[in-house]
Amino acid sequence: MKEMSRIVRTVTNFVYGFIIIFGFYIIVHGHLTPGGGFQGGAVVGSAFALLLVSYGSLNSKKFLKKDIFSLFENFGLILFIVLGFSGLGITFFYNFLANSGGWFGNTAVIGVNPGNMNTGGVIPLMNIAVGLEVLSAFGVIVLTMASAAEFTKKKENS
Amino acid sequence: MKKIIFGIAFIIFFSFLIVSAINMRTFGEPTFSEMDDYFIENAQSETGANNVVTSIVFDYRGFDTLGEATVLFTAVVGVVALFRGVKK
Amino acid sequence: MSSFVEIIHISTLVMMIIASFLAVVFKKLLPSIVALSVASLLLSLEFYLLHAPDVAIAEAAIGAGLTMAIFIFAIRGTR
Amino acid sequence: MGTLLTVLYIFLGIGVFFNCLGSVGLLRFPDVYTRLHAATKATTFGSIFTSLAVIIYGFSRWNITGDSKFRVLALHTIVALICLIITNPTGAHAIARAAHRSGVMPKQAVIDELKEAKLK
Amino acid sequence: MNEFFKIFIIPGGLLLLFMFLSLIRLILGPTVPDRIVALDTINTLVVAGMILVGAAYEEVIYIDVAIVYALLSYIGTLYVAKYLEGGSKK
Amino acid sequence: MIDFIVTFLLSMLTYLILTASQGEVWGLWSIFEIITGIVLSFIVAFIANKVLFQKRTYRMLNPLRWVIFLIYLIGPFFWAMAKANIDVAYRVITGKINPGIVKISPGLKTDLGITLLADSITLTPGTLSVDIDEKNNDLYIHWINVTTLKPTTHHICANFPQWIRRIAE
């Protein structure tokens, strides 16, 4: 894939960081507002797709490394399973941090309220783990399919 | 012959659809079951999260979410294994 | 006023059915993908009107961005 | 309250009128480039005005009731408006460039310097 | 449901009507770029309609969906334009 | 180093705008929110600083340029957009068109300048930027009402290049 025109590339430079910070906002606020790990991870993954389409698959190798993505994907899944096993003293996937007063342990006010970040028990941590897994999964899928499409096109031409 | 069989199958399917559409409830007013009432009453105080949907997905049904994450992981492994021989 | 909201729901669903029908009918692949994108966009709007913003964000992210990317890579590779 | 209602009616009226104009122009014009003129300019302008109506509504309700919900509504609408203004003309440029490179020429054109230039 | 609900929901319904006009261009359009222009117009109209409906229900968090859609529809447009650009040259 | 800091500050500003509601700090944010914002902005600056500052030009860090940019956006640009929409309304109703693709050479050098000019041209009366020559930044414009076959820059975009030269160069 060749790169697109100069105007599209310059706009991409600005929009790329904005999409990533917005996706992180959706992930971190998953227990207060709509969103969560899966949705925010998909948003960040499409930011990588934007960089890939506007710089071409050859030039974007400077910014996106496939090995780091696969490392973070395994890390996210393992973190999720570890958090599930941590509550095994009572039952599998027990929310052992909720309402305990420590980290993420404040009690939520019943009813409609603007929200306190420091609530929710293990739910914010699980959001971060699932978000890490989903964003790197989409990054790996898009990068691999782009290089494969490039390869078949080159083989046909030669 | 083939068209007649297709026509009969289409009419049977469509009549089931019409009957179920007639019996349908008013739009936007589902019945509440005991499960919904329990979640709406207690989810905010038990898990400490304001968003009830997230507390169901990650707390009450955490095992389902583990299954979803594993499905996504399997998809990535499938894609990487399918294009394994492609270099550059 | 609630009857007006009901009209909005019904017309969104009708447009979604038209777009999905077009996605099946078109002969070329690229117009099919465009029609599929319109259908997924209207599905996201319908979830939004039904007060389910979680599903609306997921549908918008998957249906608009990533499905288009993966389908276009696929038809680019098979051409 | 009366002036707020008047301002909202004026802004929403202008916005809906220009959005209507964009859709009608999309149906009426003969080829891709003139349709892009109608679609990009008119719908961007109309969307700016409907979003401005929401911003004014949010800030004035925050002024009246003192509820911080309305201030957050206005701030998020400003962010959405900035995204819309940045991405819309760039998408139009990408579509026009792709259309010209894929061989769709403008109809009834008196001059076409791009076809003679042969970039790349 | 306060008195502002009616003011914001009626322009939302009108935007839906204009989406129907753009859908006619999607059906008719003789070439592929015409259909992409129709897709782009529907994207902009849906974002404007989402902002209006979010203001009508007075739900703050609904605007986030509009921001996500405004950004990601741009990515979809770029992908289709990229395919078309390198597509039918040979 | 300076591009890392600038990216960090920009993403922090975006995060603070997105999360403003109630709290201890100035009545807008809570302390936990600000700590989360600092950590997230650090990660984003680590990812995105190479993309944002590719050419290593720090010309836009001068705040005077941003003031001029805001004046340009509210004043001449918005007025031109209003005129453009009246023009589109006239063309839609009557159907009189006389289109063509012409070439102009505005003489801008930086990437940001040519991007601003192309987006302004797309949103102002009767013109749409179709293609760009990557070597010498010539723009190819689709003009809906061709009056002269050899247009100067002033015919297409009245005095936008002067404004943009003051903003971005």
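So that the names make sense, note that chain A is the first sequence line, chain B the second, and so on, each numbered from 1.
- Other residues, nucleotides and ligands place no more than 12 heavy atoms under 6.0 Å from the CD1 atom of B:Ile4.
- B:Val79 touches chain A through backbone and side chain together, each having a heavy atom under 4.5 Å away.
- Atom OG1 of B:Thr54 and atom CG of A:Leu32 lie 9.0 Å apart (nearest 0.5 Å).
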Counting only pairs under 3.5 Å, give me each side-chain donor-acceptor contact of residues 127-142 of chain A, with atom names and distances, residues two or more places apart or in other chains.
from: A:Asn127; atom 1: OD1; to: A:Gly37; atom 2: N; distance (Å): 3.1
from: A:Ser136; atom 1: OG; to: A:Glu73; atom 2: N; distance (Å): 3.4
from: A:Ser136; atom 1: OG; to: A:Leu132; atom 2: O; distance (Å): 2.6
from: A:Ser136; atom 1: OG; to: A:Glu133; atom 2: O; distance (Å): 3.3

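- To the nearest 0.5 Å, atom CG of residue B:Leu72 and atom CZ of residue A:Phe38 are 6.5 Å apart.
- The side-chain heavy atoms of B:Ser55 and A:Ile123, taken from C-beta on, include a pair separated by under 4.5 Å.
- Neither the backbone nor the side chain of B:Tyr60 comes within contact range of chain A, judged by heavy atoms closer than 4.5 Å.
- Here the CZ atom belonging to B:Phe58 is positioned 6.0 Å from the CZ atom belonging to A:Phe80, to the nearest 0.5 angstrom.
- What you find for A:Leu77 and B:Ala69 is that their closest heavy atoms are CD1-CB, 3.7 Å.
- The candidate from A:Met145, A:Lys66, A:Met126 with the greatest count of non-hydrogen atom pairs under 4.5 Å with chain B is A:Met126.
- For chain B, no part of A:Ser70 is nearby; none of its heavy atoms comes within less than 4.5 Å.
- At a heavy-atom separation below 4.5 angstrom, chain B is approached by no residue within residues 7-20 of chain A.
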